Amino acid sequence: MTAGAPAACVIGWPVAHSRSPLIHRYWLETHGIAGDYRHEAVAPEDFASFLADLGARGYVGANVTIPHKEAALALSEPDDHACSIGAANTLWLDHGRLRSTNTDVEGFIDNLDASTPGWDRGLAKAVVLGAGGSALAVVDGLVRRGIPQVQVANRTSERAEAVRDRFGTAVQVARWDELDAVLSGAGLLVNTTSLGMAGGPGLAVDLGLLRPDAVVADLVYVPLETALLAQAKVRGLRVADGLGMLLYQAVRGFSLWFGVKPAVTAELRALVERDLAGN
Ligand code: NAP
């Protein structure tokens, strides 16, 4: 790296699994920017002092991953997106002020727009499975887009109720043990649970109950094509995968740190796909 060139990092505990360096280094190279992007493994008890020294460490900003997203919100000046989700995943120094946002919302929506254009045209009912951190971003995005009915079903119903209480009347709690009734007539299904991840339990849903023109999105990206997405394709439904969201959520951070809005290209996608396949 050139001395004085801008650098950013991803802060987590653990953090080695993060693909963010691969994505941002690809964009740095593509745009001929003499910057850098690194992993930073920071324990929870060291997070506040790490952030306090972010600029002194040579960073213009950072991504934040588990378990630091809530602390990042509390220790920075969050924007509207980070506040409505209650967690920040992107930080940047703005004339000495540490500001933050959450880019999972735009990552989810931009990926849907790119992968399944027109997905929201006439969409009356969306179903979101799960009520964890990523579900908050998905529901926020759907509500902001004006989807009139967003039904949230979660194994632990109290968490679904908390999502509803956060986002208001467009959001309704649906029963996890009555998914057939919930899915019936839905035009969008989004899996935000960890079900379907490689090596873990699967997600059993009957996609035949969805509208024939429905879109199915899965946030899980290991495997790249989950059983849910494979089943949707067999039925002729359009799909948006978790890798797409991962790539689109990275765009804003790069723009903020390095001053160029990068593109999510087929070449970048193939690069990350190869990396995922190797692990
Ligand atoms: P999280 O906050 O830990 O939430 C996990 C969710 O999965 C909860 O709703 C949980 O239900 C549910 N769940 C877990 N095991 C279950 C089981 N056996 N049966 C039913 N439900 C179960 O995690 P998260 O941050 O939201 O992440 C969820 C998934 O999204 C992960 O696979 C993650 O890798 C992926 N993700 C992808 C992106 C992307 O850019 N593509 C971004 C963020 C997350 P309970 O509340 O009942 O425990």
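In this text, all values refer to a predicted model and were calculated from it rather than measured experimentally.
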In terms of hydrophobic clustering (I, L, V, M, F, W, Y; side-chain heavy atoms under 4.5 Å; direct or indirect links), are [X] and [Y] co-clustered?
X: V251; Y: L247; result: yes
X: L210; Y: V128; result: no
X: Y59; Y: F254; result: no

Minimum heavy-atom separation for [X] and [Y], please, with both atom names.
X: A217; Y: F108; result: CB-CE1, 4.3 Å
X: H39; Y: V15; result: CD2-O, 3.1 Å
X: R38; Y: A7; result: NH2-CB, 3.9 Å
X: V127; Y: A186; result: CG2-CB, 3.7 Å
X: G253; Y: T90; result: CA-CG2, 3.8 Å
X: A160; Y: A131; result: N-CB, 3.7 Å

So, [X] side chain and [Y] main chain: donor-acceptor pair closer than 3.5 Å or not?
X: S76; Y: A72; value: yes
X: T226; Y: L229; value: yes
X: D241; Y: G244; value: yes
X: S84; Y: H81; value: yes
X: R164; Y: R159; value: no
X: T156; Y: E158; value: no
X: K125; Y: V182; value: yes
X: N89; Y: V64; value: no
X: T65; Y: G12; value: no
X: D79; Y: C83; value: no

Measure the acute angle between the ring planes of F47 and H68, then classify it against the limits of 30° and 60° as parallel, tilted or perpendicular.
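It falls in the parallel class, under 30°.
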Taking the side chain as everything from C-beta on, heavy atoms only, tell me whether [X] gets closer than 4.5 Å to [Y].
X: V190; Y: L129; value: no
X: R238; Y: P117; value: yes
X: V264; Y: W27; value: yes
X: V272; Y: Y26; value: no
X: N63; Y: I11; value: no
X: L219; Y: N191; value: no
X: L228; Y: L207; value: yes
X: V152; Y: V173; value: no

Lys/Arg N to Asp/Glu carboxylate O, [X] vs [Y], below 4.0 Å:
X: K233; Y: E225; result: yes
X: R155; Y: D177; result: no
X: R99; Y: E77; result: no
X: E273; Y: R269; result: yes
X: D80; Y: R144; result: yes
X: R166; Y: D140; result: no
X: D113; Y: R145; result: yes

More than 12 heavy atoms of other residues, nucleotides or ligands under 6.0 Å from CD of E29: yes or no?
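Open: at most 12 neighbouring heavy atoms sit under 6.0 Å from CD of E29.
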Over 12 non-hydrogen atoms of neighbours within 6.0 angstrom of CD in E267
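No.
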Side chains of Q249 and E106: is there a donor and an acceptor less than 3.5 Å apart?
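Note: Q249 and E106 side chains miss the donor-acceptor criterion.
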Under the side chain to side chain contact (heavy atoms under 4.5 Å, CB included) test, residues paired with S115 that sit two or more places apart
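Side chain to side chain contact (heavy atoms under 4.5 Å, CB included) check on S115 returns N111, A240.
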I85 and its side-chain contact (heavy atoms from CB on, under 4.5 Å) partner, picked from V105, V138, D104
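By the side-chain contact (heavy atoms from CB on, under 4.5 Å) criterion, I85 pairs with just one of V105, V138, D104: V105.
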Identify which one of D110, I109, T103 satisfies the side-chain contact (heavy atoms from CB on, under 4.5 Å) criterion when paired with Y248.
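Going through the options one by one, the only one that passes is D110.
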Could R252 and W257 be counted as a cation-pi pair, given that NZ or CZ must be under 6.0 Å from the ring centre and within 45° of the axis?
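No - R252 does not lie over the ring of W257 by the 6.0 Å and 45° rule.
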